[in-house]
Amino acid sequence: MLTTGLDILRIVAEAEAPLTATAIAQRVGLHVSSVSRTLAVLVRHGYLRKPTYHSFAADLGVLALAGQAVTRLPAVARTRPAIEALARETGMQATLAALHHDEVLYLHRSQAAETITGVAGGFPLHLSVVGLRLLLDVPAAEATAALERAERRYGWERPTPATPANPAECLAQAGRRMRDGMLRIDAWDAPGILGVAVRVDVAGHAPLAVALVGPMPDDADAFARTHLDRGAAAVRTALEEQM
């Protein structure tokens, strides 16, 4: 029942419109009577609501649970100072993120003394340097499928001529632009913009990546490598201290 409940929550939360019990059962692969019992529990506890008699949609309980959890996760709670320091040092947007299937989970995005914490999704994966850096460590078939799902959800905007035209091209170009663990994609999202990211691995935590995005500096590779290595080390230290 727990597995079914989690599957249902994900399906309903990702749906663009409320779903009927029959539609949910088809996606979960169970009989509608089994799904209906789980739906009733989720409604009773405020994780789902019924906008009509026959349909289900995510309710505020999901938001409350996520909001309470995000401030307590060590990967979020302990790393904010490191990302804010990286943003101050570089004058760029500094980001710490994880990847969940085809969605980028932004733990922190900091720029110009403003930090936004705990943003899930909402940004095209093919334009996210921090998401692509983590995607490059995923098997090719799985990575392609993630980009295709993201394309169906957000479209495939090409803000500059440098932006890859499709998932396969995106993975190929990103792979060619990886050097010693650092992904650098220039002008994919806007002209004259540097985007760089490196992975951060800490035992007991999901893979993370630190990124910098901003106006192209002189000697961009050296600039990026110096600051990203320092930022990654600060994140790693913050997480290792709590173990």
Side-chain angles (χ1 to χ4, degrees), residues 79 82-100 102-112 115-116 119 121-140 142-144 146-147 150-151 154 156-202 206-236:
T79 56
I83 299 304
E84 290 180 331
L86 183 60
R88 286 194 305 270
E89 292 169 3
T90 61
M92 292 187 172
Q93 180 186 86
T95 301
L96 178 67
L99 188 64
H100 182 69
D102 57 335
E103 291 282 12
V104 185
L105 308 181
Y106 293 97
L107 279 59
H108 302 294
R109 286 191 302 194
S110 184
Q111 186 174 28
T115 301
I116 299 173
V119 178
F123 193 81
L125 179 55
H126 73 288
L127 297 178
S128 171
V129 66
V130 70
L132 287 173
R133 174 60 191 87
L134 291 168
L135 195 65
L136 287 175
D137 295 325
V138 172
E142 186 179 334
T144 300
L147 283 168
E151 179 181 12
Y154 300 114
W156 195 274
E157 182 183 0
R158 298 188 68 197
T160 77
T163 309
N166 53 60
E169 183 181 328
C170 181
L171 284 176
Q173 285 198 34
R176 290 194 296 269
R177 294 174 184 229
M178 184 106 106
R179 295 288 185 276
D180 297 324
M182 183 177 76
L183 173 62
R184 175 180 169 183
I185 56 173
D186 298 345
W188 278 22
D189 194 17
I193 296 298
L194 172 72
V196 287
V198 295
R199 177 165 163 154
V200 183
D201 288 303
V202 178
L208 302 173
V210 176
L212 287 171
V213 176
M216 189 71 64
D218 295 333
D219 198 359
D221 275 340
F223 176 93
R225 176 62 69 186
T226 297
H227 290 289
L228 281 181
D229 284 351
R230 186 178 303 159
V235 168
R236 196 175 296 110

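Annotation: the span from I83 atom CD1 to Q93 atom CD amounts to 11.0 Å, rounded to 0.5 Å. Expressed to the nearest 0.5 Å, how far SG of C170 lies from CD1 of I185 amounts to 7.5 Å. If you take CG on L212 and OG1 on T95, they are separated by 8.0 Å, rounding to the nearest 0.5 Å. Interatomic distance, L86 CG to H227 NE2, rounded to the nearest 0.5 Å: 8.0 Å. L132 contributes atom CG, which lies 6.5 Å from atom CG of L147 (distance to the nearest 0.5 angstrom). Taking CZ from R158 and CG from L127, the interatomic distance works out to 10.5 Å, rounded to the nearest 0.5 Å.
R225 and D180 make their closest contact through NH2-O, 3.2 Å (heavy atoms, listed as atom of the first residue, atom of the second, distance). Heavy atoms only, all atoms of each residue included: G195 and V213 are closest at CA-CG2, 4.2 Å. The two residues V210 and V130 have their closest heavy-atom pair at N-CG2, 4.4 Å. Considering all non-hydrogen atoms of both residues, L208 and A98 come closest at CD2-CB, 3.9 Å. Across H126 and W188, no two heavy atoms sit closer than the pair O-CE3, 3.6 Å. Closest approach of S110 and T115 over heavy atoms only: OG-OG1, 2.9 Å.
For the pair M92 and L194, the minimum side-chain heavy-atom distance is below 4.5 Å. With contacts defined as side-chain heavy-atom distances shorter than 4.5 Å, the pair I116/Y106 does not qualify. Taking the side chain as every heavy atom from C-beta outward, F223 and T90 approach each other to under 4.5 Å. The side-chain heavy atoms of L183 and R177, taken from C-beta on, include a pair separated by under 4.5 Å.
Looking at T79 and H108, their side chains do bring a donor and an acceptor atom within 3.5 Å of each other.
Of the possible polar contacts, one joining the W156 side chain to the P164 backbone as a donor-acceptor pair under 3.5 Å is found.
When V104, L99, D102 are each tested for a side-chain contact (heavy atoms from CB on, under 4.5 Å) with L135, only one passes: L99.
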- [ ] Dump the intermediate steps for side chain to side chain contact (heavy atoms under 4.5 Å, CB included) on M182 and D221, then the final yes or no.
- [x] CA-CA 9 Å; M182 183 177 76; D221 275 340; 4.0 Å; yes

- [ ] Run the numbers on R179 and R184 for side chain to side chain contact (heavy atoms under 4.5 Å, CB included), then give the verdict.
- [x] CA-CA 8 Å; R179 295 288 185 276; R184 175 180 169 183; over 6 Å; no

